[in-house]
Number of protein chains: 2
Amino acid sequence: MKENLTEKRVTSFDVARHAGVSRSVVSRAFTKGAIISDTARAKVLQSADELGYQVNYLARGLQTKHSNLVGIVASALDTPYRARQVRIAAQECIKRGFRPILLTAESAVESEKLTSLLFNYNVAGVIITSAEPSSKIITECNRLSIPIVMVNRGSDISGADCVQMDIDQAGALAYQMLNEAGAHRLAVLMPRVESYSVSGRARAFVDICKKHKTPALVFTSSDQSYTAGLDAAQEIGPSIDTLDGIFCATDLLALGLLDGLRHNWNIKVPENLSVVGCDDIEQASWCSYQLSTIHQDADEQAIAAVNIMLKRIEDPTMATQTYIQNLTPLHRGTTKRPIRK
Amino acid sequence: MKENLTEKRVTSFDVARHAGVSRSVVSRAFTKGAIISDTARAKVLQSADELGYQVNYLARGLQTKHSNLVGIVASALDTPYRARQVRIAAQECIKRGFRPILLTAESAVESEKLTSLLFNYNVAGVIITSAEPSSKIITECNRLSIPIVMVNRGSDISGADCVQMDIDQAGALAYQMLNEAGAHRLAVLMPRVESYSVSGRARAFVDICKKHKTPALVFTSSDQSYTAGLDAAQEIGPSIDTLDGIFCATDLLALGLLDGLRHNWNIKVPENLSVVGCDDIEQASWCSYQLSTIHQDADEQAIAAVNIMLKRIEDPTMATQTYIQNLTPLHRGTTKRPIRK
DNA sequence: ATGAAAGCGCTAACAA
DNA sequence: TTGTTAGCGCTTTCAT
């Protein structure tokens with residue numbers, strides 16, 4: 001309990017001595033693609049195992065100029081879609097030999113400050129999937145030439161790669177699904193606060209409605225949560241007679257609305273109203289909801305983000321690219337079945 | 001585009017020169033509690049700001065023998081309870097000046113391998129909240145004297161601090177809630193695979209039922225998910241006449257069971273059957289479920305875990321401790337109201 | 001209060 | 001193929 005000081009970390013030097021070679025050889029034994037004889041490697045690996053040696057990545061990173069740390073900046077981590085996205089992204093990073101530092105950014109100031117923390121670690125790249133924008137982060141990353149990819153954040157900002165859903169397609173699909181369900185008096189429910197993909201898909205829907213001469217009513221919610229959807233029902237309930245189809249900008253919002261409408265206003269879905277959500281979170285498929293929605297693949301998105309990031313790490317001169325993700329419509333129980341069988 | 005090589009990271013040396021001081025002074029300016037004159041600090045900070053200098057934590061860690069990196073090992077990150085737990089833990093770590101490396105461990109072998117990766121980074125501590133146990137991790141952490149805290153993993157393993165729910169209390173509360181709802185022909189639904197807190201709470205319930213001479217039927221599910229609960233309904237539905245109260249080991253399981261029973265077996269809850277879950281995930285409170293459950297505070301748990309870890313980082317000789325978390329019963333819509341008003 | 005010098009553990013030329 | 005020698009960017013005695 002006292003001689004804790006004996007608890008020396010074993011270093012490459014120790015291994016070298018134990019194996020009867022130089023520290024360089026030890027280093028090479030742990031470096032992929034290094035030139036070293038099989039016998040030497042075997043000896044080193046054996047000694048390392050016996051002594052319990054682990055390469056110190058901090059020291060290695062100091063030398064090689066890059067840790068294999070990457071940053072994942074995410075907001076609303078405890079939201080179904082985001083949780084999945086982050087889980088897959090983290091797994092993918094690990095699988096590819098990187099370690100993700102998780103930064104949860106709930107507010108703009110926060111995310112600003114947090115990201116700068118990443119720079120302390122010489123992260124090899126950053127994935128941002130928080131709602132909060134911050135152009136300063138991009139500037140900073142660019143200055144340090146740290147690859148950065150933004151997920152569902154819009155590609156207006158230059159100097160960053162992007163992975164995003166096709167918001168126009170989302171709007172079009174929502175319109176189409178509602179249309180197939182025979183709904184023509186339309187509305188949209190969207191959060192008051194602006195964000196690229198959520199506000200974007202709602203606006204795209206509004207636009208396409210206008211183009212088809214069936215303008216949509218716009219309802220706004222405090223945010224994109226279930227509770228916000230529930231609250232919105234109080235506003236939408238009274239005007240239900242003027243409506244037969246509504247597009248909710250997120251599934252969570254749709255689920256809340258559904259519950260509010262059914263439980264507090266006794267409105268039947270899809271009989272009285274068709275509802276379409278967006279994201280396809282797990283809960284949307286639950287028996288009590290059977291929400292018709294637009295499937296956005298969180299896994300695909302996360303993997304694409306990691307892919308692009310790694311590609312840019314390898315080749316920083318690569319032209320910035322934008323991965324636009326395809327969406328698929330999912331008719332479930334909240335839209336009347338299309339007539340054709 | 002060519003002179004990318006100019007893109008030198010600015011180092012303490014650059015700042016020192018710019019500020020007209022030595023590197024030591026620069027270092028001190030960024031070290032809390034270091035002895036340095038106010039004027040010197042001001043000069044350094046100013047220069048650092050102008051040049052865009054950030055302390056390189058990798059280099060610092062090399063010297064000080066500890067990065068302020070901590071590991072969070074979590075399984076099933078995209079599950080509501082876990083997602084919240086991890087979000088809070090990550091936030092708390094950051095707030096306290098540490099950066100969490102997120103390791104998602106879905107299988108035992110994986111988690112084994114992953115954790116060893118943490119050691120490459122000299123992590124200051126590890127929080128494990130994955131279902132998968134691995135005593136080897138503990139041994140290893142102990143050897144390297146890395147603080148480790150296990151969340152809901154049982155405290156049999158010595159050498160690690162623990163944060164866990166009170167499984168006996170959970171069993172007792174479940175019994176009590178069901179009892180208050182007038183249920184006396186009881187059952188429990190639990191995952192087939194063993195895990196400390198989930199299996200534990202179910203077993204505690206079985207035990208207390210036995211003690212009260214109202215033995216509980218045991219149903220098992222493939223895992224702890226919604227789908228598993230839904231499937232379990234197929235098994236439980238037929239024997240519903242022999243039952244009037246069931247405790248589901250997780251909320252997700254309860255929600256699935258509820259849906260299966262209502263939609264496929266037309267069973268009324270709570271009229272025909274009282275259901276109690278455990279965890280209190282957000283979805284349990286949704287209108288369509290109104291699940292009566294046992295509230296386990298994810299935030300408290302996460303914060304406690306971080307607290308203990310940091311405490312041990314400061315004082316490694318501290319006796320290992322176990323934080324037992326208090327639970328609260330939550331009567332909602334799936335248990336008949338207690339008679340007394 | 002400040003500066004000089006010696007590493008932390010590792011990798012990367014360069015020799016051998 | 002291997003060993004030797006310099007550092008990577010920082011902190012930290014120890015003088016001053």
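Within every chain, numbering begins at 1; the chains are lettered A, B, ... in the order of the sequence lines, protein sequences first and strands thereafter.
Note: CG (B:N56) to P (D:dG7) measures 18 Å, nearest angstrom. Counting to the nearest Å, the P atom of D:dC10 and the CG atom of B:N68 are 15 Å from each other. Nucleotide D:dT4 holds its P atom 11 Å from the CZ atom of A:R28, rounded to whole Å. Summarising the geometry, the separation between CD on B:Q54 and P on D:dC10 is reported as 11 Å, rounded to the nearest angstrom. What separates OH of A:Y121 from C1' of D:dC8 is a distance of 18 Å, to the nearest Å. The CD1 atom of B:I35 sits 16 Å away from the P atom of D:dT11 (whole-angstrom rounding). As a whole-Å value, the separation of B:K32 NZ from D:dT11 P is 15 Å. Summarising the geometry, the separation between CG on A:L58 and P on C:dG9 is reported as 11 Å, rounded to the nearest angstrom.
At the heavy-atom level, A:I36 lies under 4.0 Å from the strands shown only through sugar-phosphate atoms. Residue B:S27 is in base contact, counting any heavy-atom pair closer than 4.0 Å across all strands shown. Counting any heavy atom pair closer than 4.0 Å across all strands shown, B:S37 reaches sugar-phosphate atoms only and no base atom. Counting non-hydrogen atoms under 4.0 angstrom, B:F30 reaches nothing in the nucleic acid. If you check every strand for non-hydrogen atoms under 4.0 Å, B:V21 touches sugar and phosphate atoms only. Within the nucleic acid shown, A:S12 comes within 4.0 Å of sugar-phosphate atoms alone, with no base atom in reach, counting heavy atoms only.
Remark: the backbone N or O of A:T129 is paired with a side-chain donor or acceptor of A:R82 at under 3.5 angstrom.
Each of D:dT11, D:dT2, C:dT2 was ranked by its minimum atom distance to the side chain of B:R23; first place goes to D:dT11. Minimum atom distance to the side chain of A:T64 is reached by C:dA12, of the listed C:dA12, C:dG7, D:dT4. In this structure, of C:dT11, D:dT11, D:dG9, it is D:dG9 that holds the atom nearest to the side chain of A:K65. Candidate nucleotides C:dC10, D:dG9, C:dG3 were compared by shortest atom distance to the side chain of A:T11, and C:dC10 ranks first. Comparing D:dG3, D:dC8, C:dC8 against the side chain of A:S24 picks out D:dG3 as the nearest.
Counted within 6.0 Å of CG on B:D38, heavy atoms from surrounding residues, nucleotides or ligands total 12 or fewer; the atom is thus considered open.
Counting distance only, with no hydrogens placed and no angle test, the side-chain atoms of B:Q63 and the base atoms of C:dG7 include a donor-acceptor pair under 3.5 Å.
Using a cut-off of 4.0 Å between Lys/Arg side-chain N and Asp/Glu carboxylate O, A:D14 and A:R17 are scored as salt-bridged. A salt bridge between B:E314 and B:K311 is absent, with no side-chain N of the basic residue lying under 4.0 Å from a carboxylate O of the acidic one.
No side-chain donor-acceptor contact under 3.5 Å links B:N120 and A:R99. Side-chain N/O atoms of A:Q85 and A:Q301 include a donor and acceptor closer than 3.5 Å.
Here A:Y53 reaches the OP1 or OP2 of C:dC10: one of its side-chain N or O atoms lies under 4.0 Å away.
With the nearest nucleotide of DNA chain C identified for both A:V55 and B:S22, B:S22 has the one nearer the 5' end.
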